[in-house]
Amino acid sequence: PRPGMDSWDAFGVQINNKASTHLMLTNLNDSNTPNIGDSFQIGDFVTATMVGGWPERHADGLPVGEAKNVVSIVIRLEYDGKSVLFGGDTIGRHIEDPDDVCKFAELDMVNNSANVPLQSDVMIAGHHGAANASARCFIDAIAPTYVIFSAGNRFGHPRKSTVQRFLDAGVPVVNIYRTDRGNDETNKHGHKEWKWGAIKDCKDGRRDDDILITLPEDGPVSVEYKGPDGACQ
């Protein structure tokens, strides 16, 4: 990263530096951007499908934070009949909505699921487990066996209320994973955070707790914490 470069720009530089024949770079400002339902082959056996991505004009009227999140791209990766849904930062409700509310981009994806399937073995939960994501109708349409929260410091994610919707939908607690088992957060949201799976007195360092998703040719999908490289082993 160059001096003065913010994290997002630095991330973009790293992607370009790592690009190879196995990666496809798409500039979303170009006219020939992917549409909902478009699929791309990754190698000979893996298919990535764009299942969500709200146009910015649809976000008019939402609070600034939610307007930035709701336009996030959602991708479903499939290999040998097994699938992973990457929820990005998409949202489907307001934070204080009742649990049965389903709105915005998540509702659109549910309504379009007959054309662009959502069902997935593994779900990387949207917006890091924030309460304004993972609406119940969205969870039910995906019907995940495993759920992963890519969470970290500061915002108190994943929220208890969000996780409860997955539990109520039948996802076993032992099949729910988080990348912040150190969970050394001290913030005003802390009392609302789901603490299960955190490791007492462990501090997350620069690395999160890595989670390995395996989609084997034979046998079921498996998800597990990676091991000694995790921050809290």
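Every heavy atom of this structure was used, including side-chain atoms; hydrogens, water molecules and symmetry mates were not.
- Both Met123 and Val116 are assigned to one and the same hydrophobic cluster, defined by single-linkage of ILVMFWY side chains at heavy-atom distances under 4.5 Å.
- If you chain together hydrophobic residues whose side chains sit under 4.5 Å apart, Phe138 and Ile36 fall into the same group.
- The OG atom of Ser134 sits 5.0 Å away from atom CD1 of Ile139, with the distance rounded to the nearest 0.5 Å.
- Remark: Glu78 pairs with Arg76 by the salt bridge (Lys or Arg N to Asp or Glu O under 4.0 Å) rule, at least two apart or across chains.
- Cluster membership for Val147 and Leu212, using ILVMFWY side-chain heavy atoms within less than 4.5 angstrom, is not shared.
- Residues Leu167 and Ile176 have side chains in contact (heavy-atom distance under 4.5 Å, counting atoms from C-beta outward).
- A heavy-atom distance below 4.5 Å is not found between the side chains of Arg159 and Trp194.
- Taking both residues in full, the closest heavy atoms of Thr145 and Asn175 are given as O-ND2, 3.1 Å, listed atom of the first, atom of the second, then distance.
- Contact between Trp196 and Val174 at its shortest, heavy atoms only, is CH2-CA, 4.2 Å.
- Applying the salt bridge (Lys or Arg N to Asp or Glu O under 4.0 Å) rule to Asp99 yields the partners Arg165; only residues at least two apart in sequence or on another chain are considered.
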Name every donor-acceptor pair, under 3.5 Å, that has one atom in a side chain of residues 44-51 and the other anywhere in the protein, sequence neighbours excluded.
from: Thr47; atom 1: OG1; to: Gln41; atom 2: OE1; distance (Å): 2.7
from: Thr49; atom 1: OG1; to: Ser39; atom 2: OG; distance (Å): 2.7

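- Other residues sharing a hydrophobic cluster with Val64 under the 4.5 Å side-chain heavy-atom criterion for ILVMFWY residues do not exist; the residue is a singleton.
- Among residues at least two apart or in separate chains, salt bridge (charged side-chain N to carboxylate O under 4.0 Å, His left out) pairs with a member in residues 127-148 are Arg136-Asp140.
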**Study point:** Trace of the side-chain contact (heavy atoms from CB on, under 4.5 Å) decision for Asp121 with Tyr146
**Key:** CA-CA 6 Å; Asp121 299 289; Tyr146 297 95; 5.6 Å; no

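- Residues Thr90 and Asn69 fail the side-chain proximity criterion, which asks for heavy atoms closer than 4.5 Å.
- Within the structure, every pair that satisfies the salt bridge (charged side-chain N to carboxylate O under 4.0 Å, His left out) test and touches residues 81-95, not counting sequence neighbours, is listed here: Asp80-Lys82.
- Val163 is listed as a side-chain neighbour of Phe149, based on a closest heavy-atom distance under 4.5 Å.
- What you find for Val110 and Ala141 is that their closest heavy atoms are CG2-CB, 4.1 Å.
- Residue pairs that meet the salt bridge (charged side-chain N to carboxylate O under 4.0 Å, His left out) test with at least one member in residues 102-112, sequence neighbours left out, are Asp97-Lys103.
- Of all the heavy atoms in Ala133 and Gly126, the pair that sits closest is CB-O, 3.4 Å.
- The closest side-chain heavy-atom distance from Leu85 to Pro144 is not below 4.5 Å.
- What you find for Gly92 and Ala135 is that their closest heavy atoms are O-CB, 3.8 Å.
- Taking OG from Ser150 and CZ from Arg178, the interatomic distance works out to 11.5 Å, rounded to the nearest 0.5 Å.
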Point to revise | Candidate pair Glu224 and Ile211, rule side-chain contact (heavy atoms from CB on, under 4.5 Å), full reasoning | key: CA-CA 6 Å; Glu224 59 186 338; Ile211 296 168; over 6 Å; no

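- Judged as a disulfide bond (SG atoms under 2.5 Å apart), the pairs with a partner in residues 37-150 (not counting sequence neighbours) are, in order, Cys102-Cys137.
- Listed by chain and number, the hydrophobic cluster partners of Val71 are Trp54, Leu62, Val70, Ile91, Phe104, where partners are ILVMFWY side chains within reach of under 4.5 Å, directly or through others.
- Listed by chain and number, the residues in a side-chain hydrogen bond (donor to acceptor under 3.5 Å, both in side chains) with His58 amount to none (sequence neighbours excluded).
- The shortest non-hydrogen separation linking Val221 to Pro216 is CA-CD, 4.2 Å.
- Judged as a side-chain hydrogen bond (donor to acceptor under 3.5 Å, both in side chains), and not counting sequence neighbours, the contacts of Glu217 are Tyr79.
- Taking the side chain as every heavy atom from C-beta outward, Met109 and Asn112 never approach each other to under 4.5 Å.
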Point to revise | Residue pair Val223, Thr214: steps toward the side-chain contact (heavy atoms from CB on, under 4.5 Å) verdict | key: CA-CA 6 Å; Val223 178; Thr214 304; over 6 Å; no

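- Salt bridge status for Glu193 with Lys195: present, with a side-chain N to carboxylate O gap under 4.0 Å.
- Taking OG1 of Thr162 as the start and NE2 of His157 as the end, the distance is 7.5 Å to the nearest 0.5 Å.
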Check your understanding: Between Ile142 and Ser120, does a side-chain contact (heavy atoms from CB on, under 4.5 Å) hold up when you go through it step by step?
Key -> CA-CA 5 Å; Ile142 297 166; Ser120 300; 4.0 Å; yes

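- Put simply, the side chain of Tyr225 does not reach to within 4.5 Å of the side chain of Asp210, judged on heavy atoms.
- Leu118 and Leu107 are members of different hydrophobic clusters when ILVMFWY side chains are connected at heavy-atom separations under 4.5 Å.
- Hydrophobic side-chain contacts under 4.5 Å tie Val101 to no other Ile, Leu, Val, Met, Phe, Trp or Tyr residue.
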